[in-house]
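Structure record follows, encoded as structure tokens.
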Amino acid sequence: MICKNCNSEVPEGESFCPVCGQKVESQMSEVPEEKGTEEAEDKAYFEFEAAGREADVKLPEKRKRKKTAGIVAAAVLVLLIGIGVTAHAQIANFIKRNFSSTAEYYQYVETKNRDAGTEVFSNRYKAYYDRLCADEWKENTTYKLELGQTLKTMLSMTGTDFSALNDAGLVVSRKRSGGVSQSRIRGCINGQDVITLDMYVDMANSEGYVQIPEISSKYIDFSESLKLLKNSNLGGGNVFLNGGLSYLPEPENMRNLLVTYSDIAIRSMDSVEKSSGELEAGEVKGNYTKFTVTCKGKELFAVLKDMMNNMKEDPNIKAMADKFGEGAYDSFSKSLQEEIDDLNSQEGEVTDEDLQMVMDVYVDGDGKIAGRVINLKSKDGETFKMTFIQPENGSEIGTELSFAFNGVTYVSVIGKGICNGGKISGEYKVSLDESINPSEENIVSTKDLVTIKVTDVDEDMLAQGYMNGSITLSSSGTTFSSYSLQFDSKGDKENENSSISVLCGGDKLATLTVLSDQKDVPEIKKPGEGDEFCDASDDDAMEAYNKEADPEKILAGIKEKCGVDLSAYIKLIESFIEQNTIDPYAEYDLKENDLEDFYTEDVDPEDYDQLSPL
């Protein structure tokens, strides 16, 4: 045996080392090492630790290897689990990219990006749908227009004093519960309520009432109109009950439509070539995998037929059509079949040269689409090009969005932004071709016509479909170069706060703010015994109601309560309208049939203004 303390030879039968004096049995396993178990090694190891040996004694080599291997295995396991949780998409993309055909990988990328976009859209749409179309729903929306001092001074130059008018707006409170809709609309001036409209609608029982307390204590009863809506074949009653939104597709139907028909298009794209490509926009460059997809006339025709044939049996389309009332789906199906029959009759006439599409799709290493350029060419040589690219380089993000027809770029948006701390800021220029200049008198140049400045837009919220940040629009090539529009927005699923401001230099001339939340709304009672009614379907009753309404009383109340004389503003508006509705031929002495004499093939009606006044 060998002493494990000093490595000296110990004669057989001896219990102590003749060199160092250590007891041999306390430091050695009874089982030979090569045949020992892990438990025996552990026992020997701990006995050895307890023996009080020299500090420089090393652990048994075999034990050390096993311990090290266990640590490495555990580390690898943790790493794999972490990768699986945090980078599943990257792993899947790596596998698809390296072990699939070019067409298969391209289709995978398109599907992956489609799913990401569909998720954002569907979540945003569902939140909107649930808020406005659910059986139980409530919402308050405030619209407020504030006038800045500069604008009030400018308006006062008309001869009417606007100094007392600071703001005006509406507060719309609505809720729906148990099939009953209640609404209150309040008109406000300088923060004070000046007029109110209360509405109560029970569509199931065809009951509807409106009251404007500041005008009359009577309720206008429009129940007869509701009966007509309810019994109509267009689903009008249901639309009315749900604020005009009940015809919207169910969120699941909408999502299925997006997936179904994009799948048909993606599956058809199997003529794909792969290469490397560089993107540049707004002075930002990036290198990407480039897929060039080609689809010609017959293939495009087949895709269209496939989509239309799928529509015939699509339960999502039927569910959407049924919301418009009985017979709506049958009418749609009939029209669809006529279109399909027309396509079938043209099938033998379609050639690949009729329409050709070449699409370049740029993809980064994670399978995210960074750009798309679509070129279409018809048989007669006409071309259309759409470009949407967003190359990235570190924190910089370039953008180009443009539309071109027959080689002429009619609209383009080009610029770059920087993402810093989850906030995106940037500047973008909008240009038009000179041929579509909307006003040569006011627009000097259509190049860089509008500047879009983006400030601190929240990247995470943007990915969820909410624009939290600021956008300013300005123009240096027009007669309105000193003015700009500023959009500010902050919101989520529960609340939204947005505003539009007109700026002149650094001054805000006016700001329109829209606030929306789901807080409690006022309870609107159903009128009953003791209340007075006016039947909206009775012309005589409505005429009597209108005579009772006293606008002067309302204006007087506003002046007393808010210190604002609206009658002066009303007169100013009436005067403006009158000046812009003057008969252009009033100064001419024309007899009854004189104009008929001018309607000849030799006289252009646009030349009538050349008549000389008497």
Side-chain angles (χ1 to χ4, degrees), residues 116-146 148 167-177 181-188 191 242-246 248-252 254-255 258 390 397 399 401 413 417-428 452-474 484-503 508-522:
T118 299
E119 188 70 16
V120 173
F121 172 81
S122 296
N123 290 340
R124 188 73 174 93
Y125 178 79
K126 187 177 186 302
Y128 177 79
Y129 183 93
D130 288 346
R131 182 187 300 180
L132 299 182
C133 298
D135 291 334
E136 301 288 333
W137 167 78
K138 59 184 177 182
E139 182 181 61
N140 298 284
T141 305
T142 300
Y143 305 88
K144 184 178 181 181
L145 177 63
E146 299 174 88
D167 59 72
L170 293 174
V171 179
V172 182
S173 301
R174 298 184 294 168
K175 70 177 178 180
R176 183 166 51 251
S177 178
S181 297
Q182 302 177 39
S183 304
R184 169 167 291 171
I185 302 175
R186 295 184 287 121
C188 309
N242 289 282
L245 294 167
S246 66
L248 290 176
E250 299 281 346
E252 190 63 24
M254 178 64 81
R255 192 182 194 287
L258 293 174
Q390 281 195 309
I397 307 172
T399 296
L401 173 63
V413 181
I418 295 178
C419 185
N420 187 10
K423 303 289 186 180
I424 301 173
S425 298
E427 188 169 289
Y428 309 87
I452 304 174
K453 185 177 181 180
V454 176
T455 306
D456 291 339
V457 172
D458 190 298
E459 184 180 25
D460 291 338
M461 294 304 295
L462 190 64
Q464 299 175 40
Y466 299 93
M467 210 294 287
N468 284 3
S470 178
I471 297 177
T472 303
L473 305 182
S474 60
S484 59
L485 289 176
Q486 179 175 309
F487 300 84
D488 294 289
S489 180
K490 184 177 182 180
D492 52 30
K493 186 176 180 180
E494 300 298 328
N495 304 283
E496 291 188 31
N497 182 345
S498 58
S499 65
I500 304 175
S501 300
V502 180
L503 286 73
K508 285 188 177 181
L509 299 182
T511 300
L512 175 63
T513 303
V514 181
L515 305 174
S516 180
D517 61 52
Q518 283 77 57
K519 296 178 181 178
D520 289 337
V521 302

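Quick note: residue numbers are just sequence positions, from 1.
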How far does [atom1] of [X] sit from [atom2] of [Y], to the nearest 0.5 angstrom?
X      : Y      : atom1 : atom2 : result
Arg255 : Asn123 : CZ    : CG    : 8.5 Å
Ser173 : Gln182 : OG    : CD    : 11.0 Å
Ser499 : Lys490 : OG    : NZ    : 12.5 Å
Cys419 : Ile397 : SG    : CD1   : 5.5 Å
Leu512 : Phe487 : CG    : CZ    : 10.5 Å
Cys188 : Leu145 : SG    : CG    : 12.5 Å

Give a yes-or-no answer on whether the side chains of Ser501 and Thr511 include a donor-acceptor pair shorter than 3.5 Å.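 Side-chain D/A pair, Ser501 to Thr511: present.
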
Whether Glu136 and Lys175 form a salt bridge (side-chain N of Lys/Arg under 4.0 Å from carboxylate O of Asp/Glu) is what I want to check.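 No salt bridge links Lys175 with Glu136.
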
Verify, without hydrogens or angle tests, whether [X] (side chain) and [Y] (backbone) share a donor-acceptor contact under 3.5 angstrom.
X      : Y      : value
Asp492 : Asn495 : yes
Asn468 : Gly491 : yes
Ser470 : Thr455 : no

Could you tell me which non-hydrogen atom of [X] sits nearest to which non-hydrogen atom of [Y], and how far apart they are?
X      : Y      : value
Arg174 : Val521 : O-CG1, 3.9 Å
Val120 : Gln464 : CG1-C, 3.9 Å
Tyr129 : Leu248 : CE1-O, 3.7 Å

Are side-chain heavy atoms of Thr142 and Leu170 found at a separation under 4.5 Å?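 The answer is no, as the side chains (C-beta and beyond) never meet within the 4.5 Å cut-off.
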
Residues two or more places apart in sequence or in another chain: which of them pass ring pair (Phe, Tyr, Trp, His ring centres under 6.0 Å) with Phe121?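 By the ring pair (Phe, Tyr, Trp, His ring centres under 6.0 Å) rule, Phe121 matches Tyr125.
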
If you count heavy atoms of other groups shown closer than 6.0 angstrom to NZ of Lys126, is the number above 12?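 Check fails, neighbour count at 12 or below.
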
Please table the atom pairs, donor to acceptor, closer than 3.5 Å between any side-chain atom in residues 513-520 and protein atoms at least two apart or in another chain.
from	atom 1	to	atom 2	distance (Å)
Ser516	OG	Glu139	OE2	3.0
Asp517	OD1	Asn140	ND2	3.2
Asp517	OD1	Lys519	N	3.0
Gln518	NE2	Glu494	O	3.4
Asp520	OD1	Lys138	NZ	2.8

